[in-house]
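Every chain is numbered from 1 and lettered A, B, ... according to where its sequence line falls, protein lines coming before strand lines.
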Amino acid sequence: MTPTKLGGPIDLDKTLLSGQVFHWTRCADGSWSGLLGHEAVVVSEKNGQLILHQGTADRVARYFALDHPLEEIYAAFPEEPMSQSALAACRGLRILRQPRWECTAAFITSSMKQVAHIRSMSLAIRSSFGEAVEGSEINAYPAFEVLAKATEPALRACGLGYRAENLLKTARLLADGTIDLEAIAKQPTARLRQTLQMLPGVGVKVANCILLFAYERLDAVPIDTWIHRILLAMRKGRKGTPAQLATYAHRRLGPYAGYVQQYLFHHARMMKKEGRG
DNA sequence: CGCCAGGGTCTCG
DNA sequence: CGAGACCATGGC
């Protein structure tokens with residue numbers, strides 16, 4: 001197809017390398033290939049604009065959240081120095097709108113894992129259980145109905161370790177209709193967080209990742225080890241319970257706290273990578 | 001090689 | 001309620 005300009009501004013590398021999604025692959029020419037469900041997509045970036053090379057324009061534009069009002073979001077960033085330097089370093093990073101199940105499954109496997117290994121687990125699960133997609137190197141993420149029929153050893157063979165049991169139990173809860181990831185989207189955030197935490201392997205941190213990345217709750221703040229350290233630094237080392245830290249994050253990071261959090265997270269990781277050379 | 005990773009859950013005091 | 005142990009695996 002003829003390359004089409006979809007809009008922007010966007011920083012594609014930062015968006016796809018910031019640890020919110022794990023299956024995209026950067027090609028030698030700088031373009032990115034990935035999947036939206038069962039559709040193969042190829043995109044690139046030119047002058048801060050998203051260029052579509054393969055895929056359905058409106059679906060891709062929605063996935064990359066080109067409608068998020070970045071300037072309004074940036075205006076709501078805290079004046080606080082760490083947030084401002086993260087903003088300066090990560091302009092154009094967008095929070096994607098991911099498929100619910102795929103995002104839920106990926107973050108169930110994420111506990112005590114580095115981003116690189118979450119990716120390898122995702123690819124292994126796709127390879128073992130997913131359907132082939134024409135025009136794509138990788139398979140689609142398997143539906144929960146498919147994983148519900150898998151075995152724990154088969155999931156462990158994908159590198160999941162103790163997380164295999166959680167993913168399997170969650171897939172079975174969804175397959176038997178106990179929870180409907182689409183129907184619960186209309187719940188208010190606090191209740192939706194509680195509902196998600198009914199899934200095995202989903203605690204408050206993973207629930208907040210799912211809220212932010214798959215349910216458009218841009219004020220949700222996942223507090224992992226990185227954000228934990230950053231919040232403690234903002235509080236000048238003053239400690240507190242997880243709930244107190246969450247309340248602090250909410251108040252301090254503002255109405256788009258999830259966006260601020262993602263910029264802080266990505267910026268901190270990139271700084272460490274630079275430090276290693 | 002030893003440390004730590006986008007944690008959750010259960011048990012104990 | 002809060003702290004600690006335990007859970008597998010791989011990158012660095």
Taking the nucleotide of DNA chain B with the nearest heavy atom to each, does A:D224 or A:V202 sit closer to the 5' end? A:D224
Under 4.0 angstrom, heavy atoms only, what part of the nucleic acid is A:S18 near: base, sugar-phosphate, or nothing? base
Where the side chain of A:Y162 is defined as all heavy atoms beyond and including C-beta, which of C:dG10, C:dG2, C:dA8 is the nearest nucleotide? C:dA8
Residues which pass ring-ring contact (aromatic ring centres under 6.0 Å, His included) with A:F77, listed by chain and number, not counting sequence neighbours: A:Y74, A:Y263
Quick one: pull up CZ in A:R97 and SG in A:C103 and give me the separation to the nearest 0.5 Å. 13.5 Å
Judged by modelled atom types alone, do A:Y215 and A:T189 share a side-chain donor-acceptor pair under 3.5 Å? no
Please work out if A:R229 contacts a base, only the sugar-phosphate, or nothing of the nucleic acid, heavy-atom cut-off 4.0 Å. sugar-phosphate
With a 4.0 Å cut-off on heavy atoms, is A:S120 in touch with a base, just the backbone sugar-phosphate, or nothing at all? nothing
Which of these nucleotides, C:dG11, C:dT9, C:dG2, is closest to any side-chain atom of A:K113? C:dT9
Taking atom P of C:dG11 as reference, at what distance in whole Å does atom NE2 of A:H117 sit? 6 Å
Distance alone, cut at 3.5 Å: any donor-acceptor contact between the side chains of A:Y259 and A:H68? yes
Look at the side chain of A:R156 against the base of C:dA8 and say whether a donor-acceptor pair falls under 3.5 Å; ignore hydrogens and angles. no
Please report the distance, rounded to the nearest Å, between CE in A:M121 and C1' in C:dT9. 8 Å
Interatomic distance, A:M234 atom CE to A:L245 atom CG [nearest 0.5 angstrom]: 10.5 Å
Find which nucleotide of DNA chain C each of A:S111 and A:A116 is nearest to by heavy atoms, and output the residue with the more 5' nucleotide. A:S111
Report the residue (A:I227 or A:Q197) whose heavy-atom-nearest nucleotide on DNA chain B is the more 5′ of the two. A:I227
Range on DNA chain B touched by chain A, heavy atoms, distance below 4.0 Å: B:dA5 to B:dT9
Which part of the nucleic acid, if any, lies within contact of A:E165, taking any heavy atom under 4.0 Å across all strands shown: a base, the sugar-phosphate backbone alone, or nothing? nothing
Identify whether any heavy atom of A:G19 sits under 4.0 Å from a base atom; if not, whether one sits that close to sugar-phosphate; answer base, sugar-phosphate or nothing. base
Atom C1', compared across B:dG6 and C:dA3: separation rounded to whole Å: 23 Å
Quiz: residues 4-14 of chain A side-chain donor-acceptor pairs under 3.5 angstrom, not counting sequence neighbours:
residue	atom	partner	partner atom	Å
A:T4	OG1	A:T2	O	3.2
A:D11	OD1	A:D13	N	3.3
A:D11	OD1	A:K14	N	3.0
A:D11	OD2	A:K14	NZ	3.2
A:D13	OD1	A:R26	NE	3.3
A:D13	OD1	A:W32	NE1	2.9
A:D13	OD2	A:R26	NH2	3.1

Starting at atom CZ of A:R269, determine the distance to atom C1' of C:dC12, rounded to an integer number of angstrom. 13 Å
Looking across every strand, which nucleic acid part, if any, lies under 4.0 Å from A:F22 by heavy atom: base, sugar-phosphate, or nothing? nothing
So if you build clusters from Ile, Leu, Val, Met, Phe, Trp, Tyr with side-chain heavy-atom gaps below 4.5 Å, do A:L66 and A:I73 land together? no
